[in-house]
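All values reported here derive from a predicted model rather than from experimental measurement. Hydrogens, waters and symmetry mates play no part in the numbers below; they use all other heavy atoms, side chains included.
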Amino acid sequence: AAAAPRVSVMGKRYFCDYCDRSFQDNLHNRKKHLNGLQHLKAKKVWYDMFRDAAAILLDEQNKRPCRKFLLTGQCDFGSNCRFSHMSERDLQELSIQVEVEGGIPLTWLCLLPTEERRAREWPLDIAEFPEAHLEDWLEKRAKRLSAAPSSRAEPIRTTIFQYPVGWPPVQELPPSLRAPPPGGWPLQPSVQWG
């Protein structure tokens, strides 16, 4: 994993890349740290950076809206809030993005139980969206796959890696948190392990 913890040899110190801190490595300290709230939050923030739009959409639709965030635009819990900070417009844009990326069609999302509750709280203007059917979606998918160079190959999507706001300069990051070079890591000539 990219952010796997490291153990340094000198003085048996444990360094956690998620939390950017080190401590004396023994069973008690390591267990206490790995089960600590700060570590769990930092680990969640790290992995949330790599979630796709469909997973984010499903999570957000299963949450009730955060009243404080809707009223004031701020929430004391921030990204750790168990309620959704997305407006109905944000959810609509995200569902369109998921549909464009080849995810679940918009009308299927309405089948989720929380969607019924959300529709009562915030009525959606469905007239803005075209009616989608399973057959239409399957036809579009088949056309997209047949247009690909290989029958099994998906189109290659290039992603631009961005470091989170507030992180130290790239030169100060541990190697496990640095982005790979544009062409990938170079192959090492005949490395012997062991």
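Once rounded to the nearest 0.5 Å, the distance linking SG of Cys16 with CZ of Arg30 reads 10.0 Å. Separating the CD atom in Gln61 from the OG atom in Ser84 is a distance of 9.5 Å, to the nearest 0.5 Å. A distance of 12.5 Å separates CG of Leu70 from NZ of Lys68, quoted to the nearest 0.5 Å. We find the CD-OG distance between Glu60 and Ser87 to be 10.5 Å, quoted to the nearest 0.5 Å. Expressed to the nearest 0.5 Å, how far CG of Leu57 lies from CD of Glu99 amounts to 11.0 Å.
A search for side chain to side chain donor-acceptor pair (under 3.5 Å) contacts involving Asn29 returns nothing, not counting sequence neighbours. Asp59 is linked by a side chain to side chain donor-acceptor pair (under 3.5 Å) to Arg51, counting only residues two or more places apart in sequence or in another chain. For the side-chain contact (heavy atoms from CB on, under 4.5 Å) test, residues two or more places apart in sequence or in another chain that qualify with Gln74 are Thr72. Lys140 pairs by the side chain to side chain donor-acceptor pair (under 3.5 Å) definition with nothing, not counting sequence neighbours. Partners of Lys41 by side-chain contact (heavy atoms from CB on, under 4.5 Å), not counting sequence neighbours, listed by chain and number: Leu37, Asn80. Legend: residues meeting side-chain contact (heavy atoms from CB on, under 4.5 Å) with Lys43, ordered by chain and number and at least two apart, are Tyr18, His39, Tyr47. The ring pair (Phe, Tyr, Trp, His ring centres under 6.0 Å) search around Phe23 returns Tyr14, His33, not counting sequence neighbours. By the salt bridge (Lys or Arg N to Asp or Glu O under 4.0 Å) test, Lys32 pairs with no residue at all, sequence neighbours left out. Every residue meeting the side-chain contact (heavy atoms from CB on, under 4.5 Å) condition with Ala53, not counting sequence neighbours, appears here in chain and number order: Leu94, Gln97, Val98, Glu101. Taking the salt bridge (Lys or Arg N to Asp or Glu O under 4.0 Å) definition, one finds that Arg21 meets it with nothing, sequence neighbours left out. Residues passing the side chain to side chain donor-acceptor pair (under 3.5 Å) test with Asn35: none are found, sequence neighbours excluded.
Looking only at side-chain heavy atoms (C-beta outward), Trp46 and Asp17 stay at 4.5 Å or farther from each other. Residues Gln24 and Arg13 are in side-chain contact: their nearest non-hydrogen atoms beyond the backbone lie under 4.5 Å apart.
Pairs engaging residues 57-88 under the ring-ring contact (aromatic ring centres under 6.0 Å, His included) rule: Phe69-His85 [sequence neighbours left out].
The two atoms that bring Leu177 and Leu173 nearest to each other are O-CD1, 4.1 Å, heavy atoms only. Scanning all heavy atoms of the two residues, the minimum distance from Arg178 to Gln171 falls at NH2-O, 3.1 Å.
Under the 3.5 Å distance criterion, the side-chain polar atoms of Arg144 are left unmatched by any main-chain donor or acceptor of Glu139.
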